[in-house]
Amino acid sequence: MLRLSYSAVTTYRGCEQEYYYRYVKYLRRKDKAPQLGIGTALHSYLERYYKALTSSVSLGLSAEDSHAEALKVVGDFYRPLFHRYAEASYVAGDEELAIKFDKMCDKVLSICERYHRTRGREDAERYDVLFCERKSLISLSPTIINSGVIDLVTLDKDTNRILLWEHKSGETIPDNDRRLKDLQTLLYVRIAELDLDVKINEVVWNYMRTKEPTVPAELKAGGLTKRNDLDSTWETYQKAIAERGLNEADYQEVEERLQNAEYNNFFPRYVLPIVQQDAVLIGDYIRTARLMEKRVWEWETDRDTPIRNIGFKCDFCSFNPLCKSVVTAGDDRDVLRLRYTTEKEEQLNDNKIIPTFAVTAV
């Protein structure tokens, strides 16, 4: 039985060798990439916060209590973890990366605080949490199981509509065209409707930017820059004004421009109705899964080896050092020992396997 996920299928489509390292050999970097570490920690906060909201009423807790609990759990878990990543980076000779990891937990907690002020408090009033971090298995064929985790399903108290949420983090926000082509969301909508027995009316893309607001530069002539393209927030700008003893009244036009920047630029949200026709995309997904099943069998029986897809994306791949050592020296043992560990994927055996997609005959 081959168990897949959207991430696994996407990885395979990009590079067989990366898929082999990650999902067949279960290799993980000891010095994890910073952007992945931040994203995982932020997602953990969102999971803890929205789960806490489900029981807050019965326990007499406020949204502030739920936030404080989530923040503490994330801090207690990720601070020592990031410290270990920093140590691994030092051992690997990457001092710059180690410094980033040393500061990462404080950065994560700061983003979570800003998110709660901007979005979290309002969410506690507006939405009822129906499901949070729901793990589901769905059959793609008699021998292929797709696993996934649905971030959040809520009921909008104002409209009585049911929303499926996708939490996203990154330095930039993708455009709407990319959201409309998001196959992962299509899959999760179908899984949610089959597994949870609900009708999803809309999808919410809930973004948390990992880029911190830009601190305004001080001008040689005095004062702070008022550039229209300054990627910052009024809170950050206000702090710079206070630190330099400047008059806030001189920056009213900047305040008007940045007043809603947290809401619109750093924690934006996009709500779209379910309008896509998913049969073609899901059919392609299933065909890829069947091909993967065949290729994994070929690798495990030594009939073939994974194909490396060498290109510019290698610069951002966790396994770039491994491939580089094989291509240049023909031996990856030292790199494996210093920079990687084997980490078995979490099993979901406690979840029921829900029915096969109706489009598996494609």
Side-chain angles (χ1 to χ4, degrees), residues 1 3-10 43-59 63 66 70 119-120 123-142 144-168 179-207 269-279 281-283 285-286 289 345-362:
M1 181 72 70
R3 212 186 87 190
L4 300 176
S5 65
Y6 173 80
S7 296
V9 172
T10 301
H43 200 105
S44 295
Y45 165 80
L46 294 172
E47 174 186 356
R48 192 77 188 189
Y49 176 66
Y50 287 103
K51 275 186 176 179
L53 290 182
T54 62
S55 56
S56 60
V57 176
S58 60
L59 296 176
S66 299
R119 294 289 190 178
D123 290 346
E125 296 293 328
R126 180 172 178 179
Y127 300 105
D128 282 331
V129 176
L130 303 181
F131 302 96
C132 184
E133 293 297 308
R134 173 74 175 213
K135 298 176 183 177
S136 296
L137 303 180
I138 191 165
S139 173
L140 300 181
S141 80
I144 304 174
I145 299 299
N146 191 85
S147 64
V149 180
I150 299 168
D151 289 340
L152 185 65
V153 178
T154 64
L155 173 68
D156 189 323
K157 298 176 186 177
D158 296 333
T159 65
N160 209 36
R161 295 173 71 79
I162 295 178
L163 293 78
L164 181 141
W165 296 53
E166 278 288 296
H167 300 316
K168 304 287 187 182
R179 284 185 286 277
L180 288 171
K181 296 175 182 175
D182 190 338
L183 174 59
Q184 182 178 22
T185 303
L186 288 178
L187 284 170
Y188 286 175
V189 167
R190 292 290 299 276
I191 289 172
E193 294 184 340
L194 284 168
D195 188 20
L196 309 180
D197 194 26
V198 296
K199 176 62 178 176
I200 303 298
N201 302 119
E202 297 170 329
V203 172
V204 178
W205 279 272
N206 183 40
Y207 290 100
R269 239 172 231 178
Y270 298 90
V271 181
L272 296 176
I274 307 298
V275 295
Q276 299 98 325
Q277 296 296 316
D278 59 10
L281 289 175
I282 292 178
Y285 184 86
I286 292 169
E345 189 177 36
E346 180 187 1
Q347 299 299 309
L348 299 179
N349 294 330
D350 56 332
N351 292 89
K352 64 177 182 176
I353 299 176
I354 56 180
T356 305
F357 277 127
V359 294
T360 53
V362 173

Quiz item: Quick one: OG1 on T154 to CG on L130, what's the gap to the nearest 0.5 Å?
Solution: 6.5 Å
Exercise. Hey, could you give me the CZ/CG distance between R3 and N146, rounded to the nearest 0.5 Å?
Key: 9.5 Å
Quiz prompt | side chain to side chain contact (heavy atoms under 4.5 Å, CB included) involving K157 - partner list, sequence neighbours excluded | solution = D128
Quiz item: Does one side chain, of Y49 or D123, offer a donor that lies under 3.5 Å from an acceptor on the other?
Solution: no
Quiz item: CG of L164 to CD of E202: how many Å apart, nearest 0.5 Å?
Solution: 11.5 Å
Practice problem: Report yes or no: does S139 contribute a side-chain atom to a donor-acceptor pair with the main-chain N or O of I145 at less than 3.5 Å? | Solution: no
Quiz prompt | For D151, salt bridge (Lys or Arg N to Asp or Glu O under 4.0 Å) partners two or more places apart | solution = none
Quiz prompt | A192 to V198 - nearest heavy-atom pair and separation | solution = O-CG2, 4.0 Å
Quiz item: Got a second to check how far Y127's OH is from L163's CG, nearest 0.5 Å?
Solution: 6.0 Å
Quiz prompt | Residues which pass salt bridge (Lys or Arg N to Asp or Glu O under 4.0 Å) with D197, listed by chain and number, not counting sequence neighbours | solution = none
Quiz item: Any side-chain donor-acceptor pair under 3.5 Å between E133 and H167?
Solution: no
Exercise. Could you pull out the closest heavy-atom pair between L4 and A289, with the gap in Å?
Key: CD1-CB, 3.4 Å
Exercise. Find the distance between CG (L155) and CG (N160) and round it off to the nearest 0.5 Å.
Key: 5.0 Å
Quiz prompt | Qualifying residues under ring pair (Phe, Tyr, Trp, His ring centres under 6.0 Å), relative to F131, sequence neighbours excluded | solution = none
Exercise. Output all residues satisfying salt bridge (Lys or Arg N to Asp or Glu O under 4.0 Å) with R119, sequence neighbours left out; order by chain, then residue number.
Key: none
Quiz item: For K199 and I162, which heavy atoms make the closest approach, and how far apart are they?
Solution: O-CB, 3.6 Å
Quiz item: Considering only heavy atoms from C-beta outward, does the side chain of N206 approach that of L46 to under 4.5 Å?
Solution: yes
Self-check item: Pairwise side-chain contact, V153 with I200, heavy-atom cut-off 4.5 Å (strictly under)
Solution: yes
Practice problem: Could you check whether the rings of W165 and Y50 sit parallel, tilted or perpendicular, using 30° and 60° as the cut-offs? | Solution: tilted
Self-check item: R126 side chain near D158 side chain, heavy-atom distance below 4.5 Å
Solution: yes
Quiz prompt | From CZ (R48) to CG (L53), nearest 0.5 Å | solution = 12.0 Å
Practice problem: Identify, with sequence neighbours excluded, every residue that meets salt bridge (Lys or Arg N to Asp or Glu O under 4.0 Å) alongside K168. | Solution: E166, D182
